[in-house]
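Residue numbers count from 1 along this sequence.
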Amino acid sequence: MSSAYGRIDRPKEYDSSKLELLLPIESLTKLNEQVSVHSLITILKQLNDESKLIVYLQTLLNNEIDAGNTYPQKYPLNLTEFKNYFLSGDAFIVIKSGKNVSIDFSNDLEKTILGTFYIKPNFPGRCSHICNGGFITSAIHRNQGIGKIMGKAFIEIVPLLGYRASMFNLVFANNIPSVRLWRSLGFQEIGRVPKAGYLIKKNEATKQANAEEEEEEEEEFVDAIMFYYSFV
């Protein structure tokens, strides 16, 4: 799966040494538990079997796609599609641990992986200095501030990858936690796309009733907000 522009390479102005000095980034959750943000590539190098972690991250994304109200995709991605979409740029994970991660963390990924995000160019060539990002907080670790931890890490990491700005194309207006997060971190709202997504309604009572009656879930058109952040 490629973008509307095909495969896009990130900017050449990239100093890996600065990123290596920054990562991993330690933080505390709302529950005062220590977590750390790591480069996915670095973590995969430590594992004997990297496929288990990649498949778990694929599951996290497909769960969001199945929910039908945060990502634009309609159907789950197979492994190749997932890699082409989520892992085509730079990817990062939040682990329930300090900077030094025990290899045993991979024995229980549901417990230890709190979230993940990617950073990749939003546009090609002359506009490749503007990046895009995609974020997922594990459903069982929500309401702990993981989204904010990833957002703050994103702001630190992006300029070290050579980008000069970030632009999120589709932050759906009914995704209140996400909208609130980007506003709180200083992202500018630069536009709104009317009825950008045909999404499944988030009303849990409606979902439960529909599931019991084996009916289709209710859907609605939702606007999307475009958020922008300048690093220069």
Distance-minimising heavy-atom pair for [X] and [Y]:
| X | Y | answer |
| --- | --- | --- |
| Leu170 | Ala196 | CD2-CB, 3.9 Å |
| Leu109 | Leu53 | CD1-CA, 3.8 Å |
| Ile54 | Lys83 | CG2-CE, 4.1 Å |
| Tyr71 | Gly134 | OH-C, 3.4 Å |
| Ala153 | Ile25 | CB-CD1, 3.9 Å |
| Tyr56 | Ser138 | OH-OG, 4.2 Å |

- [ ] List the steps, then state whether side-chain contact (heavy atoms from CB on, under 4.5 Å) holds for Ile157 with Phe92.
- [x] CA-CA 10 Å; Ile157 293 169; Phe92 304 86; 3.7 Å; yes

[X] vs [Y] side-chain heavy atoms within contact, under 4.5 Å:
| X | Y | result |
| --- | --- | --- |
| His38 | Leu23 | no |
| Leu87 | Leu40 | yes |
| Ile140 | Glu110 | yes |
| Ile8 | Asn122 | no |
| Lys148 | Leu181 | yes |
| Asn132 | Met167 | no |
| Leu61 | Leu57 | no |
| Glu156 | Leu22 | yes |

Open item on the list: Is it the case that the side chains of Asn174 and Asn69 hold a donor-acceptor pair, with the cut-off being a distance below 3.5 Å and no angle test?
Closed with: no

TODO: Would you please classify the geometry between the Phe86 ring and the Phe82 ring as parallel, tilted or perpendicular, with 30° and 60° separating the classes?
DONE: parallel

Open item on the list: Looking at Lys96 and Glu33, is any side-chain nitrogen of the basic one under 4.0 Å from a carboxylate oxygen of the acidic one?
Closed with: yes

Task: Pair Arg142 + Glu64, salt bridge at N-O below 4.0 Å - done: yes

Task: Working for side-chain contact (heavy atoms from CB on, under 4.5 Å), residues Val222 and Glu220 - done: CA-CA 6 Å; Val222 178; Glu220 61 183 345; 3.8 Å; yes

Task: For Phe168, all residues meeting ring-ring contact (aromatic ring centres under 6.0 Å, His included), sequence neighbours excluded - done: Phe135, Phe154, Trp182, Phe187

TODO: For Tyr198, check ring-ring contact (aromatic ring centres under 6.0 Å, His included) against everything at least two apart and list the hits.
DONE: Phe221

Rounded to the nearest 0.5 Å, how far does [atom2] of [Y] lie from [atom1] of [X]?
| X | Y | atom1 | atom2 | value |
| --- | --- | --- | --- | --- |
| Ile130 | Ser230 | CD1 | OG | 9.5 Å |
| His141 | Leu114 | NE2 | CG | 5.0 Å |
| Phe231 | Ile155 | CZ | CD1 | 6.0 Å |

Open item on the list: Tell me if the CG atom of Asn48 is crowded by more than 12 foreign heavy atoms within 6.0 Å.
Closed with: no

TODO: Take atom CG of Asp9 as the centre, draw a 6.0 Å sphere, and report whether it contains more than 12 heavy atoms from other residues, nucleotides or ligands.
DONE: yes

Test your reading of the model: is there a side-chain donor-acceptor pair from [X] to the backbone of [Y], 3.5 Å cut-off?
| X | Y | answer |
| --- | --- | --- |
| Ser88 | Asn84 | yes |
| Lys120 | Tyr85 | yes |
| His129 | Pro121 | no |
| Asp223 | Ala173 | no |
| Asn62 | Pro76 | no |
| Ser178 | Asn175 | no |
| Thr112 | Phe105 | yes |
| Lys52 | Ser106 | yes |
| Glu50 | Leu47 | no |
| Ser36 | Gly98 | yes |

Open item on the list: Does Leu28 form a side-chain contact (heavy atoms from CB on, under 4.5 Å) with Gln34? I'd like the steps, not just the answer.
Closed with: CA-CA 5 Å; Leu28 292 175; Gln34 192 172 53; 4.2 Å; yes

- [ ] Report the C-alpha distance between Phe227 and Tyr229 in whole Å, list the side-chain angles of each, state the deciding distance to 0.1 Å, and finish with yes or no for ring-ring contact (aromatic ring centres under 6.0 Å, His included).
- [x] CA-CA 7 Å; Phe227 280 99; Tyr229 194 102; over 10 Å; no

Open item on the list: For a side-chain contact (heavy atoms from CB on, under 4.5 Å) check, start with the C-alpha distance between Ile119 and Cys131, then their side-chain angles and the critical distance, and finish with the verdict.
Closed with: CA-CA 7 Å; Ile119 302 171; Cys131 75; 4.0 Å; yes

